[in-house]
Peer 1: 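Attaching a single structure in structure tokens format; questions to follow.
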Amino acid sequence: MSEELSDLLKVRREKLQNIRDKGVNPYPYKFTATAHSNQVLENFNQLAEGQESAETVAIAGRIMTKRGHGKASFATIQDEFGRIQIYAKLDVIGESQYELWQNLDMGDYIGVTGHVFRTKTNEITVRVEKLEILSKSLLPLPEKWHGLQDKEIRYRERYLDLMVNPEVKEVFVKRSKIVSFIRRFLEEKGFLEVETPVLHVLQGGAAARPFETFHDALSMPLFMRIAPELYLKRLLVGGFEKVFEMGRVFRNEGMSFKHNPEYTMIEIYQAYVDYHDIMQLTEDLIVHAAKEVLGTVELEFRGEKINLTPPWKKITLEDALKENGIDIIGKTDDQIRTLGKEKGIEGAKELGIGKIINELYDKFVEPNLRQPTFIIDHPLETSPLAKKHRSKAGKVERFELIMAGMELANAFSELNDPIDQMQRFQKQADLKAAGDEEAESMDEDFLRALEYGMPPAGGLGIGIDRLVMLLTNSPSIRDVIFFPHMRPLAKTQPKPEEMDTLKKDQNESK
RNA sequence: GCGCCAUUAGCUCAAUUGGCAGAGCAGCUGACUCUUAAUCAGUUGGUUGAAGGUUCAAGUCCUUCAUGGCGCACCA
């Protein structure tokens, strides 16, 4: 394979040498452009055919197509904002520069300076009067018409995907705008963006299996965070009233179109409000984000129409179950256990009653929720950080936001009764002892913080990647993450020597 | 983790019942000073994902493995 490839590679390397032989540096240090492709197209749109701009422009970009005509040539160059045609003519640039031109390939970066004109076929074009190579490309680009289709290469070599598939860039530009909008929206409401540890000593803030790592100097295991929740609540204890953190969390679980091992979550905490207020905030934030970035609240996702027009449906988890043919209202624990078994919930005998209800919900309700819906008032047992419901026994004040069958957000009236919290942790500890890998750790320092007193508060977590999926009609989470996790290819794995060196370091520190 | 499908030239794809592994783009050579999937003429390029097996003969059938996609399971 490398034998054959070397044919294509050899030619490019020969051209590189040709350029050097002419005394030209194929990798120079800078180029000062006066405009981007889109600006040139706009600014000179009024030029008539054959007419030429009074001033010259300087633009830089990557050569994407090249059409030679002997002593003249057309090419298209691409910059961050689009493509523009350029025209190089022997008469104009002279023999030496035209020789350089002939050593250029698709993929090379160049800078060109010249007047702008409109061709006979009506295209705004930059006449090359001065040509500079800015970077020689040594690898061939994918096919110019079909582009790059292979999903594996698109994910592994995202840089290539971005080069040749313009719609990919659009998705990530939108992602950036959504993230930026969320920050602005919250800051305007007086929220403060904060940062808390990513390396955790304890597992907490959510039900998930963590990644484990090791601190050599302290000689202790650490966990990559599964949620920032417990640190953000400590900030409420410290006196901040409105905080948020947007950042990466890590969960050691399966991968799918809606799961990546590391993903971006925003958590928002506000003192003196309850989960009803947070529901309103969630709705406002997402509706405004859609309007800002898409200009509409009517989405299409995976071929399905999703309408974000408020107000969104609110329904208790029990009522939602009932709507889907599973009536647990007024039933005893034993009756629910039997129902779970009938409905094919595995281990319905041993599982806690809350867990069974959750599984029934996951299986029979969530997939059917297509339009934005707040599912509220979950069982206490599976919500160890949420405050008990003010009027419903055995429930907490919690909501999950579901769209297109996907959980997008999770929130509660935050539990601030330290004694209740301690008892909930104790129950989690029992579950952990019984083998539940997702159960939370007893966090003594967090309990001490609560004992000093945390104001009543509402808290919210939103999965940013999933929100971006919905707002950009991206069918997979991998389409909204630049470099989604992939199994490494053999040649990209760490070398054995490297691993040996790392292990040696670890042993010496012990 | 389980099931189904895919893997052929740098890229996009063909190859009939198991019977000589092909095309377009890209590349190279030549022609061409307003083309735009430029055009025209010629031309290079293959361990068919890897390893075994069946067969006179394997891209094609069988086994194992690798990577990916899509479902399911688990989760957010």
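Reminder, nothing fancy here: chain letters follow the sequence lines and each chain counts from 1. Small disclaimer: the values here were computed from a predicted structure and weren't measured.
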Peer 1: Consider the side chain of A/R156, meaning its heavy atoms from C-beta on, and name the nucleotide among B/G69, B/G68, B/U12 that approaches it most closely.
Peer 2: B/G68
Peer 1: Report the nucleotide, chosen from B/U33, B/A76, B/C11, that has the shortest atom-to-atom distance to any side-chain atom of A/H69.
Peer 2: B/U33
Peer 1: Regarding A/R158 and the six-membered ring of A/F483, is the cationic atom NZ or CZ under 6.0 Å from the ring centre and inside 45° of its axis?
Peer 2: no
Peer 1: Which of these nucleotides, B/C34, B/G27, B/U33, is closest to any side-chain atom of A/T119?
Peer 2: B/C34
Peer 1: Just checking A/N260: base, sugar-phosphate only, or nothing, at a heavy-atom cut-off of under 4.0 Å?
Peer 2: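 The residue A/N260 makes base contact.
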Peer 1: So does A/E143 reach the base of B/G24 with its side chain, donor to acceptor, closer than 3.5 Å?
Peer 2: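 Answer is yes: a donor-acceptor pair is held.
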Peer 1: Remember a base hit wins even if backbone is also touched, and classify A/K15 as base, sugar-phosphate or nothing at under 4.0 Å, heavy atoms.
Peer 2: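 The answer is sugar-phosphate, as A/K15 gets under 4.0 Å only of primed atoms, P, OP1 or OP2.
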Peer 1: Check side-chain contact (heavy atoms from CB on, under 4.5 Å) between A/R67 and all other residues, then give those that pass, not counting sequence neighbours.
Peer 2: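 Here the qualifying residues are A/T65, A/F74, A/T76, A/Q85.
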Peer 1: To check you understand the geometry: which heavy-atom pair defines the closest contact between A/L141 and A/R12, and what is its length?
Peer 2: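 Nearest heavy atoms, A/L141 then A/R12: N-NH2, 4.5 Å.
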Peer 1: Would you call the rings of A/F185 and A/F181 parallel, tilted or perpendicular if under 30° counts as parallel and over 60° as perpendicular?
Peer 2: tilted
Peer 1: Would A/R466 and A/Y263 count as a cation-pi pair here, with the cationic atom under 6.0 angstrom from the ring centre and within 45° of the axis?
Peer 2: no
Peer 1: Does a donor on one side chain and an acceptor on the other come within less than 3.5 Å for A/K130 and A/Q97?
Peer 2: no
Peer 1: Can you give the dot-bracket line for RNA chain B, using ( ) for pairs inside the strand, [ ] for pairs that cross earlier ones, | for pairs with another strand and . for unpaired bases, where Watson-Crick and G-U count if both distances are under 3.5 Å?
Peer 2: (((((((..((((.....[..)))).(((((.......))))).....(((((..]....))))))))))))....
